[in-house]
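Take a look at the structure below.
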Protein chains: 2
Amino acid sequence: MLHNRPKDLQETSEASRVLQAIRQIVSEGLLPSDGRLPTERHLAAELEAGRASVRRALDTLEAEGLIWRKQGKGTFAGQPPDPTEELAAQIASDVDPLSAMEARLCIEPALADLCARRATADDVARLRKLAERTHDAEGSDSAEIWDGALHHAIARIAGNRLMLTAFTLIDEVRMGDDWQEKRHRARTPETRAFYDAQHQKIIDAIHARDGTAAANAMREHLETLFDNLRKSMEGRP
Amino acid sequence: MLHNRPKDLQETSEASRVLQAIRQIVSEGLLPSDGRLPTERHLAAELEAGRASVRRALDTLEAEGLIWRKQGKGTFAGQPPDPTEELAAQIASDVDPLSAMEARLCIEPALADLCARRATADDVARLRKLAERTHDAEGSDSAEIWDGALHHAIARIAGNRLMLTAFTLIDEVRMGDDWQEKRHRARTPETRAFYDAQHQKIIDAIHARDGTAAANAMREHLETLFDNLRKSMEGRP
DNA sequence: GGATCAAACCAATCGTTCATTGGTTTAGCC
DNA sequence: GGCTAAACCAATGAACGATTGGTTTGATCC
């Protein structure tokens with residue numbers, strides 16, 4: 001409770017006072033295990049503020065990605081949950097690497113296209129940073145992870161929730177199991193240099209806002225991956 | 001009703017009599033659109049048999065894969081549904097009609113392509129039958145359903161589990177609600193004739209095993225749907 | 001005795017209702 | 001302009017009852 005707020009010390013506005021108070025609640029571990037915050041009405045009463053002020057503060061925190069809200073449900077700390085993983089686990093058993101690649105070849109060029117048409121300057125900068133990380137990665141493991149992050153970022157920037165979910169589904173299944181090893185074998189120093197160049201080409205097209213070129217570059221990239229995967233598989237089935 | 005069953009002709013047992021009767025109900029198209037069978041109690045009364053006999057018959061049909069049952073829900077013809085619906089229901093809230101159409105434009109042409117390369121003669125025959133049903137459908141509701149079944153069949157024949165799941169995801173979200181009404185307005189007698197012709201074109205391409213043509217025909221079909229949806233939306237937002 | 005039926009009960013599901021919660025608007029107060 | 005208070009909307013969830021498949025029991029009929 002903050003009942004003893006001195007009325008004469010109003011150097012900071014009501015808005016920032018409330019924001020600070022809620023931010024403290026969130027950052028400290030003072031929440032139930034599900035991360036649920038008190039209701040807006042409750043917070044308003046507790047902080048002796050109006051609901052509008054509380055909501056403005058929550059708006060800020062939501063924009064910062066620290067909380068997420070759902071009408072009729074509540075306000076929660078952290079990121080909104082992604083139910084995709086569960087579904088991916090369920091269907092992973094009857095999906096083989098080739099059909100996963102087929103699916104990627106279908107959806108990722110389209111995502112690159114949308115990405116090129118919707119990316120902001122910030123987005124492009126973030127992609128370049130990810131490509132750099134992929135390039136600089138030491139081990140094959142690490143390179144895989146940054147490569148995945150790059151593809152995922154492109155999917156997110158594309159700005160279509162359904163297609164992002166479809167991509168995530170494919171990605172989860174792909175990361176799932178088994179063929180991890182096969183892909184590892186398919187990633188040699190030579191292919192890595194090749195992949196880096198293709199990533200550059202994709203990002204350049206996105207930077208140039210050329211959706212068609214981005215889609216083509218992505219398709220080319222995936223075809224390369226596909227070929228290498230096939231080679232690696234027919235060698236040792 | 002089978003009230004006039006002669007008591008003296010008991011060459012076949014009660015069990016097989018009930019089984020035959022229910023099998024007929026399932027195989028004929030005497031079910032509501034969702035494939036729901038009458039309740040066990042209802043069937044028992046209708047067939048003048050006990051519930052136990054009806055259940056034994058349903059056990060057989062379930063073992064044959066012709067029906068599936070769920071406690072508290074009912075008995076249905078066909079196969080049990082995917083776990084995809086759950087995911088669809090969860091993300092349906094933040095998907096708008098336009099982005100759903102965007103996703104369809106991405107995935108369905110690719111599915112048509114794969115379908116053309118993998119469909120058997122039986123598959124093509126089934127597609128033609130569905131297109132016919134769509135054409136003959138009386139109401140706008142009914143046409144929607146058969147249209148959906150046609151697109152779903154193409155996705156299934158394409159033979160890629162991941163892409164089928166992605167399609168089902170989009171389809172479930174699309175069928176969810178809200179915009180149902182908008183799509184209804186977009187479906188007029190003129191557009192329906194147009195759609196029928198486009199369906200024909202798609203199936204012809206599949207029949208000819210021409211993947212590229214099938215994809216293009218599908219894309220054209222979806223573009224038409226997209227345009228009509230947009231018109232219908234801007235008219236009354 | 002085997003098969004069948006009637007009845008009763010259990011458990012899962014669905015539709016409805018109602019309270020809760022975030023989302024939004026309006027009016028009034030410094 | 002910033003803030004509060006109040007009222008309303010829309011979405012969610014908990015609770016209840018009705019429905020439906022799942023199961024058991026005992027009676028009935030060849």
**Asked** Between A:R17 (CZ) and D:dG2 (C1'), how many Å, whole number?
**Response** 14 Å
**Prompt:** In whole Å, what is the span from the CG atom of B:D34 to the P atom of D:dT20?
**Reply:** 13 Å
**Message:** A:D59: which residues meet the side chain to side chain donor-acceptor pair (under 3.5 Å) condition with it, sequence neighbours left out?
**Reply:** A:R69
**Asked** How does protein contact run along nucleotides 15-27 of chain C, one letter per nucleotide 5' to 3', with B for base contact, S for sugar-phosphate only, - for none, heavy atoms under 4.0 Å?
**Response** ------BBBB---
**Asked** Looking for any heavy atom pair under 4.0 Å, which part of the strands does B:A49 touch: base, sugar-phosphate only, or nothing?
**Response** sugar-phosphate
Indicate every side-chain donor-acceptor pair of residues 24-32 of chain A with a distance under 3.5 Å to a residue at least two apart or in another chain.
unit_1 : atom_1 : unit_2 : atom_2 : d
A:S27  : OG     : A:R23  : O      : 3.0
A:S27  : OG     : A:Q24  : O      : 3.2

**Prompt:** Listed by chain and number, what are the side-chain contact (heavy atoms from CB on, under 4.5 Å) partners of B:H42, not counting sequence neighbours?
**Reply:** B:P38, B:T39, B:E46
**With B:D227 via side chain to side chain donor-acceptor pair (under 3.5 Å) - residues at least two apart** = B:R230
**Asked** Listed by chain and number, what are the side chain to side chain donor-acceptor pair (under 3.5 Å) partners of B:H221, not counting sequence neighbours?
**Response** B:H151, B:Q198, B:H199
